[in-house]
There are 2 protein chains.
Amino acid sequence: MREVIRRQRYHHGNLREALVEAALALVEERGSPEFTLREVARRVGVTHAAPQRHFEDRAALVAAVAEEGFHGLRAHVESVAGLAKARDPAARLHALGVAYVQFAVRNPAHFRVMFTAELADKSRHPSLQAASRAMHDFLVQCIEDGQREGFFVEGDPLELAFAAWSLVHGLAVLLVDGRGMGRRPAPLIESVVARLHTGLLPRHRPKRKRRKH
Amino acid sequence: MREVIRRQRYHHGNLREALVEAALALVEERGSPEFTLREVARRVGVTHAAPQRHFEDRAALVAAVAEEGFHGLRAHVESVAGLAKARDPAARLHALGVAYVQFAVRNPAHFRVMFTAELADKSRHPSLQAASRAMHDFLVQCIEDGQREGFFVEGDPLELAFAAWSLVHGLAVLLVDGRGMGRRPAPLIESVVARLHTGLLPRHRPKRKRRKH
DNA sequence: GCCGCAATGTAGACGGCGGACACATCGACC
DNA sequence: GGTCGATGTGTCCGCCGTCTACATTGCGGC
């Protein structure tokens, strides 16, 4: 009965990629990086044990999805920052930040998996660590360049990078989690990332001490 | 054999709280918000079905831990911001941000559970939504006060609040996930949150266009 | 005091899960 | 055309969350 729809070929042919794709689709559909190995296998049309030929365990599949995501993120960020290369470092940093958040909003499933709690210990997945690290190094480089040319405030570049990374990552997380207060994301991203540059304090600080009451 | 160590009383007496506490301890120990209901029950010394008398399902227990965390966060933030109340709004906002991140770093287990992916859909847990919302409202209020008195730049207060919330939340997430670059967290928190106020651009923007090469 | 009942914990069953294994099928290379 | 490694199947294991029937308890009305 059930074998009416049956895979024709015994071998799938491209199971590994198909599994990654199916897993991503599941995350997309349910908006949460929780999926079952068997579920993924069913969707692809193979037995639940078949994935083991391609991924040592469930975590390996999750890591593969995350890694694909990191590569996509890096490509997007570098392409956008590359376009802004001719302009000054501040514009480049701005473009970098916007691109980061854009990627998250456009690829929420990938982003969720990339930062899922199950992958918190990345020591088991060195390629993930490398991708994340490369991103960070690129950011620090961008800030050091800007400082050297006087476009950014002086100070420990690592600390500035950490601040930028925090704002941008926090923004991405909040937007992907649907805490965007129902606004259109694009302008919100632009203005929030711009805030990183100018800060919340007015350029001309009021000298009056405090209100009367 | 195994009943040598056996609970004396048939009724635990305070099972609900004990379960929340045990769950939190497990998260703390393994550094990840993944725990098993049966595991928690074993640790408390009851049968695996006993928790069901207090929590409809596993998600309800997770939500209870998260809710406890939100109450703690709010208490911490409000107490710190209360102390800084006498000072100007900028100092108050700074204190608020530092307190937020401090809470995350000091209570990583709580923080992880509060923002775990399983609770992404908070519609099923209105008390969580309320706690998170209260936090946000407090922040917006703080910014509106500051703007009114000229301590912050003008503009949509919701957008400024979103920027502040992003930076602080991102910083907390990165620190809790151990991406703090091995630095002592306290000074890093101070300086990164301070960066929110001043931004990355120098106060006196260089007018020269760009480097020669 | 004691009794009946709601609250709370126990014991066991069920289906689904991740993982391990032996076996079936395939395709690439000799 | 035969062989062997690669890839998918079928089955088993222990653990999981949840359900249900039953045991134990504490408490309020008599």
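Letters A, B, ... mirror the listed sequences (proteins, then strands); counts begin at 1.
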DNA chain C nearest-nucleotide lookup for B:A49 and A:T36: closer to the 5′ end is B:A49

Any side-chain donor paired with an acceptor under 3.5 Å for B:H94 and B:E190? yes

Quick one: do the A:D137 and A:Q141 side chains pair a donor with an acceptor below 3.5 Å? no

Taking only side-chain N and O atoms of [X], does any of them lie within less than 4.0 angstrom of OP1 or OP2 on [N]?
{"X": "A:R38", "N": "D:dC16", "value": "no"}
{"X": "B:H54", "N": "C:dG9", "value": "yes"}
{"X": "B:R53", "N": "D:dT25", "value": "no"}

Cationic tip of B:R58 above B:F35 ring, under 6.0 Å, 45° of axis: yes

A cation-pi test, strictly: NZ or CZ of A:R106 under 6.0 Å from the centre of the six-membered ring of A:F111 and no more than 45 degrees from its axis. Yes or no? no

Below 4.5 Å, heavy atoms only, C-beta onward: do B:Y100 and B:M135 meet side chain to side chain? yes

Starting at [atom1] of [X] and ending at [atom2] of [N], how long is that distance when rounded to a whole Å?
{"X": "B:L15", "N": "D:dG26", "atom1": "CG", "atom2": "C1'", "result": "16 Å"}
{"X": "A:Q52", "N": "D:dT11", "atom1": "CD", "atom2": "C1'", "result": "13 Å"}
{"X": "B:N14", "N": "C:dA7", "atom1": "CG", "atom2": "C1'", "result": "15 Å"}
{"X": "A:R58", "N": "C:dC17", "atom1": "CZ", "atom2": "C1'", "result": "10 Å"}
{"X": "A:F35", "N": "C:dC17", "atom1": "CZ", "atom2": "P", "result": "13 Å"}
{"X": "A:D57", "N": "C:dA20", "atom1": "CG", "atom2": "C1'", "result": "13 Å"}
{"X": "A:E34", "N": "D:dG17", "atom1": "CD", "atom2": "C1'", "result": "14 Å"}
{"X": "A:L37", "N": "C:dG19", "atom1": "CG", "atom2": "P", "result": "6 Å"}

Categorize B:E39 for me: base, sugar-phosphate, or nothing, with a 4.0 angstrom heavy-atom threshold over every strand shown. nothing

Regarding B:R16, tell me which of base, sugar-phosphate or nothing describes its non-hydrogen contacts under 4.0 Å with the strands shown. nothing

Choosing from C:dT10, D:dT9, D:dT18, which nucleotide comes nearest the side chain of B:H48? D:dT18

